[in-house]
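Down below is the structure, laid out as structure tokens.
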Protein chains: 2
Amino acid sequence: MDMTRRDIHNSEVPALCRSCEVRHKGMCGALTPDELLLLSKHTRQVQHTSGDELVGEGADVESYDNVMRGVVKLSKTLEDGRQQIVGLQFAPDFVGRLQAGESPMTAEAASDVEVCRVPRAMLERLVEQSPTLRKRLLEQALRELDEAREWMVTLGRKTAAEKVASLLLLIALHLDPEQKGEKRLFDLPMSRLDIADFLGLTIETVSRQMTKLKADGIITITANRHIEVLSLTRLKARCG
Amino acid sequence: MDMTRRDIHNSEVPALCRSCEVRHKGMCGALTPDELLLLSKHTRQVQHTSGDELVGEGADVESYDNVMRGVVKLSKTLEDGRQQIVGLQFAPDFVGRLQAGESPMTAEAASDVEVCRVPRAMLERLVEQSPTLRKRLLEQALRELDEAREWMVTLGRKTAAEKVASLLLLIALHLDPEQKGEKRLFDLPMSRLDIADFLGLTIETVSRQMTKLKADGIITITANRHIEVLSLTRLKARCG
DNA sequence: CGCTGATTTGATGGGATTCAAGTAGCGTGG
DNA sequence: CCACGCTACTTGAATCCCATCAAATCAGCG
């Protein structure tokens with residue numbers, strides 16, 4: 001883990017990627033100062049508002065993004081319109097399918113999002129040059145694979161109640177890892193429809209299960225999106 | 001793709017890994033002759049019969065396997081026993097979670113299986129030394145991630161009928177990529193229970209859907225496991 | 001305030017599970 | 001060779017969870 005840290009010399013880290021320092025997971029954290037300098041000339045900080053599409057399903061991959069702030073959702077759609085969200089990317093995740101001409105899924109801003117955008121050719125050159133970056137990308141791919149498989153269990157084997165509890169737990173733990181104790185306070189970065197599409201449910205079922213969690217005193221809900229988890233332990237107990 | 005081929009010199013490929021040549025996907029195909037020679041001293045060809053556990057969920061990772069023949073299933077289990085299969089590995093896939101002390105899931109022989117087993121330390125040293133091997137492993141991780149996400153759509157959004165059709169199609173296309181035309185003939189490498197655990201269904205539902213596909217003239221079933229797909233087109237049309 | 005889209009709540013129906021028999025395939029041993 | 005038992009699979013009936021359809025309520029905003 002820590003060997004990647006050698007590459008980082010704070011004084012030389014461009015402002016663009018400053019937030020990468022925080023957790024050492026973004027691609028910038030895997031580069032040497034020289035590479036970072038090179039990179040900084042070709043990257044653009046891009047703002048997206050909720051709902052913006054970063055890459056379409058089947059579209060040509062022209063650039064890659066590093067999430068700096070906000071949440072990006074990855075989704076796939078069947079011909080008849082049924083949709084499934086297949087991943088959520090939080091800062092400082094890397095977004096984009098390497099080694100593929102076209103994106104196998106849609107990437108869309110789930111909340112307001114800030115990304116560090118790199119042209120495809122540029123990133124691929126860097127990947128060739130930097131073993132540390134390749135290692136970083138392999139790490140993320142493996143972590144995402146673990147997450148995808150964990151979620152397959154949720155999709156295939158959990159009840160609606162367990163699914164909703166599992167998602168709330170996932171978000172509570174991802175969005176603000178610093179909060180301690182039994183309680184968590186956060187805004188859902190996604191609509192009821194997004195939640196339904198993530199869990200393989202309908203919005204009505206999601207709503208009913210949320211209401212049930214509220215009625216049972218495990219969470220409170222205000223203004224639809226604002227969630228307070230009153231007892232992480234009891235929430236975990238409902239995740240199946 | 002083809003740049004990996006440079007590493008292969010047929011005359012020097014140890015017998016152990018000969019079948020790797022066929023499709024250029026196994027780890028052996030990513031090594032130089034020197035590395036292959038080194039590897040061959042530390043690998044063992046291991047036979048497993050259907051049902052054998054290669055690695056348990058949560059068990060320490062002591063070695064990695066390269067599937068040479070047969071099918072390995074990856075599964076995860078909830079505390080109360082509900083099980084979900086999260087992946088199938090066909091030859092010449094690599095099995096084992098890199099960069100993790102313990103396996104996040106169970107790996108089990110779904111059919112009789114032959115693997116090329118490498119001690120953990122050995123493989124990790126090779127990974128450090130061989131950029132081509134790292135690249136190969138990144139490729140597989142990305143491909144598995146694509147497959148996992150594709151399957152999430154199936155688990156979350158497809159009906160039981162579509163799920164069963166999707167699995168039959170998956171297996172038909174994986175097991176024998178050489179067969180051409182509209183028909184496919186193969187033996188299911190897994191029981192009805194395995195299929196149910198893969199699709200997030202019960203064995204009864206799987207059975208009913210198979211019967212329906214048979215009644216509709218899309219497949220024939222003999223001896224439970226022996227499947228003939230009569231029309232790939234019509235099968236695809238049922239995949240949702 | 002009144003419009004609009006998002007969410008909740010209610011009533012109903014259907015698809016998948018559950019529970020329960022029944023059947024087929026297969027090795028064993030009489 | 002066939003009875004026997006075993007396991008895997010199939011089939012049937014009842015139940016239940018979640019989807020669907022419909023309506024009400026809420027939140028945000030000009």
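Per chain, numbering begins at 1; letters A, B, ... match sequence-line order.
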Would you say Glu108(B) and Ser75(B) are linked by a side-chain donor-acceptor pair, where the criterion is simply a distance under 3.5 Å? no
Outermost contacting nts on DNA chain D, any atom under 4.0 Å from chain B heavy atoms, listed 5' then 3', are dC9(D) to dA13(D)
Close side-chain approach of Gln89(A) and Val71(A), heavy atoms under 4.5 Å: no
For the helix from dC1(C)-dG30(D) to dG30(C)-dC1(D), how many degrees between its two end axes (five pairs per end), to the nearest 10°? 20°
May I ask you to list the residues of residues 211-224 of chain A, by number, that have any heavy atom positioned under 4.0 Å from an atom of DNA chain C? Thr211(A), Asn224(A)
Decide yes or no for Lys158(B) and Gln84(A): does some side-chain heavy atom of the first lie under 4.5 Å from some side-chain heavy atom of the second? no
Do Arg82(B) and Glu162(A) touch side chain to side chain, with heavy atoms closer than 4.5 Å? yes
Between Arg143(B) and Asp93(B), does the salt bridge (charged side-chain N to carboxylate O under 4.0 Å, His left out) criterion hold? Intermediate values first, please. CA-CA 11 Å; Arg143(B) 183 166 42 78; Asp93(B) 288 340; 3.6 Å; yes
So do the side chains of Glu139(B) and Leu98(A) get within less than 4.5 Å of each other, counting heavy atoms only? no
Atom pairs, protein N/O to nucleotides 16-19 of chain C N/O, distance under 3.5 Å:
from: dA16(C); atom 1: OP1; to: Ala160(B); atom 2: N; distance (Å): 2.8
from: dT17(C); atom 1: OP2; to: Thr202(B); atom 2: N; distance (Å): 3.4
from: dT17(C); atom 1: OP2; to: Thr202(B); atom 2: OG1; distance (Å): 3.2
from: dT17(C); atom 1: OP2; to: Thr205(B); atom 2: OG1; distance (Å): 2.3
from: dT18(C); atom 1: O4; to: Arg208(B); atom 2: NH2; distance (Å): 2.9
from: dC19(C); atom 1: N4; to: Glu204(B); atom 2: OE2; distance (Å): 3.1

Non-hydrogen side-chain atoms of Leu199(B) and Trp151(B) separated by less than 4.5 Å: yes
Within the structure provided, determine whether Val153(A) and Val86(B) are in side-chain contact (heavy-atom separation under 4.5 Å). yes
List the residues meeting salt bridge (charged side-chain N to carboxylate O under 4.0 Å, His left out) with Arg120(B), not counting sequence neighbours, and say none if there are none. Glu124(B)
Residues Asp197(B), Arg157(A): salt bridge by 4.0 Å N-O rule: yes
Give me the residues of residues 69-80 of chain A where at least one heavy atom lies under 4.0 Å from an atom of DNA chain C, by number, or none. none
